[in-house]
Participant: 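Next up is a structure, given as structure tokens.
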Amino acid sequence: MSVAQIENMGTLSSDLFYDILRRLDGATLASASCACAAFSSMSKEERLWEDVCSSMWPSTKRDDVKNLILSIGGFKKFYGDCFPLIVNKEVPEFRWSDYPEYTEELTEAEYYGDFDEFENVSPSDFVSMVDIKYKDKIICSKVIWGIPNANGFDGWFSNCPFRIDLFDFTGQGDDHTGGVTLSVTDGLPVVTSMERERKDGKLWKQLCDGIRLSWIVVNTKVKQAANLSSWSPLTGQRHWPTDKDFMLRFGSILPAKDILPCQMVECILAMKFQLEDMEGAHVNGRNSLLVLKQGLRCDRSKNYSLALESCYLYSKAQSEIKEEKLRYESWLDRLWIFGGITTFFAFLCCYFM
């Protein structure tokens, strides 16, 4: 079979160009847009980026989500905001003076900051688009409008930790409710016994290598979006808390400057699995939304190692805080013991005198 040579790209029809571009993934499409003027012009077509987003994040296929994405700048901008990882290169160095003790005398308002009724943030401002894949097969796709059960009028959400339990929430039009089921037909290895799994860890390795979680959050008020998840699990725990439980942790490091004393928080997206027969303080709800709002303006990068580096720096600072806290508590214990002994001997001296 002979292949005809093309002397001039201009002789090809625009329909053929378009057919080529619509078959590309997002990263390749972005690269192709720099190849020539024709590709650059056509790559601005929203339909191409809509197809890219639909392929990568099935949750964006819903009509209400499509309208939302168009209202915040379109699919090309949405992909550019949500495909790269959130990266924080300025994780602050540990300084004990920056981390005040949360004692009984220190009220929650003093620790977290006084409530500002004029603060422009609300649970209803946020929309979550969640997609879970195993070996490129979608196993869960869900859209959550607002923060479920967050009633800001009675104040409970302002004082409680931020939490969304994906499978306790049932939304309209969702195909998956109550959980996700994976089996050997999806490519998981057969677990003949837990003793064997503890030894070789085949199932654990398959889960770590195959599971991909995307959790995109959109702030509808300021029209910003970001993917809070990492492309793959950052850490995990085998057999937690029982022999049949597994937990994978995804997430990112978000800035909390002028919100919390620590200036940085870890956004943890925990995915738990269970086999069937075969110093970490929580941030309260209001400040979580403030952190979330600020986090959507973070730098992005397609360099996975940068995200791992920021997580490492955060974990290092967290470990130093815990160690310093233990030393501080140990010093207090010795001080109390010394004070007790001194008081005892002073009492004896006064008694015999």
Side-chain angles (χ1 to χ4, degrees), residues 1 3-62 65-87 89 129-141 143 186-187 208-218 223-234 250 252 296 298-310:
M1 180 179 68
V3 179
Q5 294 184 352
I6 300 175
E7 296 181 358
N8 187 357
M9 290 286 288
T11 61
L12 298 178
S13 68
S14 58
D15 291 338
L16 180 57
F17 276 169
Y18 186 87
D19 189 62
I20 293 173
L21 294 180
R22 72 179 183 84
R23 300 171 187 273
L24 304 179
D25 58 32
T28 309
L29 178 59
S31 299
S33 66
C34 303
C36 65
F39 279 3
S40 177
S41 177
M42 290 186 181
S43 66
K44 298 176 183 178
E45 176 64 42
E46 277 291 292
R47 180 62 185 177
L48 291 174
W49 292 102
E50 181 179 345
D51 292 342
V52 168
C53 292
S54 298
S55 175
M56 179 165 289
W57 306 300
S59 58
T60 61
K61 294 179 180 179
R62 291 176 35 157
V65 175
K66 289 181 181 180
N67 293 332
L68 172 63
I69 293 174
L70 292 175
S71 70
I72 64 174
F75 284 92
K76 183 177 181 181
K77 179 180 182 298
F78 181 80
Y79 177 85
D81 289 340
C82 301
F83 175 70
L85 297 168
I86 289 179
V87 171
K89 300 178 182 179
M129 305 170 196
V130 186
D131 296 284
I132 306 173
K133 291 184 178 181
Y134 178 70
K135 294 184 176 180
D136 295 326
K137 174 186 175 183
I138 189 69
I139 59 176
C140 181
S141 184
V143 178
D186 299 305
C208 291
D209 294 343
I211 289 288
R212 297 292 180 266
L213 169 65
S214 170
W215 195 302
I216 295 173
V217 173
V218 179
K223 298 184 178 181
Q224 292 176 329
N227 199 331
L228 300 181
S229 181
S230 46
W231 287 334
S232 57
L234 296 173
F250 303 76
S252 52
L296 298 190
C298 284
D299 294 334
R300 314 282 206 280
S301 175
K302 291 184 286 185
N303 189 341
Y304 184 65
S305 61
L306 290 179
L308 291 178
E309 182 182 358
S310 61

Participant: Taking atom CD of Glu50 and atom CD of Glu45, what is their separation to the nearest 0.5 Å?
Facilitator: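 It is 9.5 Å, given to the nearest 0.5 Å.
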Participant: Hey, what do you get for SG (Cys34) to CG (Leu29), rounding to the nearest 0.5 Å?
Facilitator: 10.0 Å
Participant: Hey, is the main chain of Val52 close enough, under 3.5 Å, to the side chain of Ser55 for a donor-acceptor pair?
Facilitator: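 No, because the side chain of Ser55 does not come within donor-acceptor range (under 3.5 Å) of the backbone of Val52.
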Participant: Heavy-atom distance under 4.5 Å between the side chains of Asp81 and Arg300, does that happen here?
Facilitator: yes
Participant: To the closest 0.5 Å, what do you measure between CD1 (Ile138) and OG (Ser59)?
Facilitator: 7.5 Å
Participant: Using 30° and 60° as the class boundaries, would you call the ring planes of Phe78 and Trp57 parallel, tilted or perpendicular?
Facilitator: perpendicular
Participant: With a sphere of 6.0 Å drawn around CG of Asp19, does it hold more than 12 non-hydrogen atoms of other residues, nucleotides or ligands?
Facilitator: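 Yes.
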Participant: Give, for atom CD1 of Ile69 and atom CZ of Arg62, the distance between the pair rounded to the nearest 0.5 Å.
Facilitator: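 If I round to the nearest 0.5 Å, the distance is 11.5 Å.
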Participant: Out of Thr60, Val218, Leu70, which residue meets the side chain to side chain contact (heavy atoms under 4.5 Å, CB included) rule with Val65?
Facilitator: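 Exactly one candidate clears the test, Thr60.
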Participant: Go through Trp49 and Lys77 one step at a time and tell me if the side chain to side chain contact (heavy atoms under 4.5 Å, CB included) criterion holds.
Facilitator: CA-CA 9 Å; Trp49 292 102; Lys77 179 180 182 298; over 6 Å; no
Participant: Taking side chain as C-beta onward, heavy atoms only, is Pro233 less than 4.5 Å from Arg212?
Facilitator: yes
Participant: Should Phe83 and Met56 count as side-chain neighbours, where that means a heavy-atom distance under 4.5 Å?
Facilitator: yes
Participant: Do the side-chain N and O atoms of Ser214 and Asp131 include a donor-acceptor pair separated by under 3.5 angstrom?
Facilitator: no
Participant: Does atom NZ of Lys135 have more than 12 heavy-atom neighbours from other groups under 6.0 Å away?
Facilitator: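 Atom NZ in Lys135 is packed in, count exceeds 12.
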Participant: Just by modelled atom types, is the Asp51 backbone N or O under 3.5 Å from a matching donor or acceptor in the Ser54 side chain?
Facilitator: no
Participant: Considering only heavy atoms from C-beta outward, does the side chain of Ile211 approach that of Ile139 to under 4.5 Å?
Facilitator: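 Heavy-atom side-chain distance check passes, below 4.5 Å.
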Participant: Hey, could you give me the SG/CG distance between Cys208 and Leu234, rounded to the nearest 0.5 Å?
Facilitator: 11.0 Å
